[in-house]
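Structure first, commentary second.
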Amino acid sequence: MQITKTPIDHYIAGRVVPNASGRTQDVTNPATGAVTGAVGLASAAEVDAAVKAAAAAFPAWADTPPIRRARVMFKFLELLNKHRDELAHLITAEHGKVFTDAQGEVTRGIDIVEFACGIPQLLKGDFTEQVSTGIDNWTLRQPLGVVAGITPFNFPVMVPMWMFPVAIAAGNTFVLKPSPTDPSASLRMAELLKEAGLPDGVFNVVQGDKVAVDALLEHPDVKAISFVGSTPIANYIYETGARHGKRVQALGGAKNHMVVMPDADIDQAVDALIGAGYGSAGERCMAISVAVLVGDVADRLLPKLIERTRTLKVLDGENLEAEMGPIVTKAAHERITGYIDLGVKEGATLLADGRVFDGAKAGSGCDNGFWMGGTLFDHVTPDMRIYKEEIFGPVLSCVRVPDLKEAVDLINAHEFGNGVSCFTRDGNVAREFGRRIQVGMVGINVPIPVPMAWHGFGGWKRSLFGDMHAYGEEGVRFYTKQKSIMQRWPESIGKGAEFVMPTAK
């Protein structure tokens with residue numbers, strides 16, 4: 001029997017454009033392993049068409065008053081709230097994360113749109129009267145032009161919305177290159193933007209792989225690139241984009257630690273480790289993958305953590321009882337399995353083995369899905385690869401240290417500096433930890449400290465390439481350039497009285 005694959009194409013200049021490159025990639029439902037679609041992989045010519053559409057739309061959109069751009073964002077916000085669950089179902093069908101987690105992803109993306117609705121305020125500049133006799137000086141922020149986003153599989157709605165709402169609201173036009181693993185949500189967002197009144201060409205989607213990425217990096221009309229993904233690719237994006245004269249914001253990998261102090265609430269810490277370690281099958285750049293257990297806390301915490309890990313509700317993501325869904329692809333499943341094998345070989349103590357999970361238990365039709373349970377290691381040491389490298393799966397490693405200083409030194413020595421958390425009841429410990437840790441996003445009794453929309457997201461060290469974080473006020477600065485104007489006028493005659501209330505036009 002021939003399998004019918006739904007074509008998933010590009011979106012250029014306000015319409016769906018069939019893929020013309022002749023290259024496609026299968027899209028699968030990770031819960032069942034069934035192929036559900038075929039996503040087109042753009043050629044350089046198709047990328048060029050998208051960039052040209054964005055470039056053609058830019059002058060008029062940049063000249064549109066910010067208040068009118070904000071009104072489009074407000075309408076888009078209304079439509080996102082209306083279609084929130086529809087987008088969440090698309091995420092679950094192609095990524096596999098549980099439906100409630102997918103709803104949360106959409107909600108966090110909506111937060112950024114809400115922030116972008118304030119663009120008239122966010123674009124305000126500074127003014128100084130009389131910097132010299134008869135001369136005033138002010139600054140303003142103007143859009144860059146065509147900008148692009150290259151986004152990962154793990155958040156097919158939220159991460160693109162870290163980028164395009166702020167970029168578009170600021171007056172830029174946008175080309176999105178989503179992951180080919182779960183591409184459908186990008187097209188639905190494009191449709192909603194058009195319904196919200198966004199002019200054709202302001203937002204475009206090119207599906208694809210490295211061919212499309214390189215075409216965007218090399219295209220002379222693309223002024224800035226935003227990227228989220230692994231550190232090796234982030235490094236490549238940063239260096240290649242900069243070499244071609246682009247502004248680049250490339251967010252890379254992570255190895256996020258959670259320090260549990262001896263005075264911590266044990267039940268609260270276990271809940272945090274279970275949710276942050278195994279939520280979304282550990283396929284989050286902010287997932288906790290290392291528990292740093294200080295002093296004697298390990299002996300009190302681990303029995304509860306082992307039990308919770310072994311009894312995780314691993315189910316089809318559409319089941320509202322599910323705590324964890326499948327791994328996103330077969331290749332990812334094999335990579336994670338290899339890391340678990342390696343951890344055993346390196347001498348870590350395996351307390352819970354996710355490799356033995358039977359997919360048939362996850363739900364009807366799930367026998368051939370990419371299933372795995374939670375894995376828990378103890379006595380992991382800093383020289384082990386399972387400690388040093390990003391696994392990006394439901395694998396939690398426990399490292400034992402004698403005191404807070406060694407915990408801080410351990411974390412600060414790691415090449416990544418994305419997110420970190422500390423669970424304690426001691427205010428001084430919390431304060432010192434927050435001050436001394438060399439990580440970009442810090443949680444105190446908060447396991448996944450993803451900043452809210454108006455603060456901005458980004459790590460330190462090899463977790464971020466570039467100078468500005470995603471979204472928030474730094475996002476506005478990234479997608480705009482500052483201009484300083486000095487002005488002097490001779491005496492002149494006014495045009496006379498006006499009696500009509502001035503309005504934004």
For [X], side-chain contact (heavy atoms from CB on, under 4.5 Å) partners two or more places apart:
X: Ala360; answer: Asp358, Asp367
X: Ala93; answer: none
X: Glu195; answer: Leu79, Leu192
X: Pro382; answer: Tyr387, Leu410

Practice prompt. May I ask you to decide whether Glu432 forms a salt bridge with Arg435, counting only side-chain N to carboxylate O separations under 4.0 Å?
Written response: yes
Worksheet item: Is any side-chain N of the basic residue among Lys304 and Glu307 closer than 4.0 Å to the acidic one's carboxylate O?
Response: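 Looking at Lys304 and Glu307, the cut-off is not met.
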Worksheet item: Mind checking what makes salt bridge (Lys or Arg N to Asp or Glu O under 4.0 Å) contact with Lys461, not counting sequence neighbours?
Response: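 Once residues adjacent in sequence are excluded, Lys461 has no partner under the salt bridge (Lys or Arg N to Asp or Glu O under 4.0 Å) criterion.
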Discussion item. List the residues meeting salt bridge (Lys or Arg N to Asp or Glu O under 4.0 Å) with Glu389, not counting sequence neighbours, and say none if there are none.
Written reply: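 Arg385.
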Residues in ring-ring contact (aromatic ring centres under 6.0 Å, His included) with [X], at least two apart?
X: Phe203; result: Phe164
X: Phe457; result: Trp162
X: His379; result: none
X: Phe153; result: His95, Phe392

Practice prompt. Check the pair Lys405 / Asp403 against salt bridge (Lys or Arg N to Asp or Glu O under 4.0 Å), numbers first and verdict last.
Written response: CA-CA 6 Å; Lys405 181 182 183 303; Asp403 53 38; over 6 Å; no
Distance-only criterion, 3.5 Å: show the donor-acceptor pairs between side-chain atoms of residues 322-332 and protein atoms not counting sequence neighbours.
| residue | atom | partner | partner atom | Å |
| --- | --- | --- | --- | --- |
| Glu323 | OE1 | Lys313 | N | 2.9 |
| Thr329 | OG1 | Ala332 | N | 3.0 |

Worksheet item: Do Lys75 and Glu78 pass the salt bridge (Lys or Arg N to Asp or Glu O under 4.0 Å) test, and can you show the C-alpha distance, the side-chain angles, and the key distance before you say yes or no?
Response: CA-CA 5 Å; Lys75 182 61 178 178; Glu78 177 187 338; 3.4 Å; yes
Compile the donor-acceptor pairs under 3.5 Å between side chains in residues 285-298 and protein atoms, sequence neighbours left out, one pair per line.
| residue | atom | partner | partner atom | Å |
| --- | --- | --- | --- | --- |
| Asp296 | OD1 | Arg300 | NH2 | 3.2 |

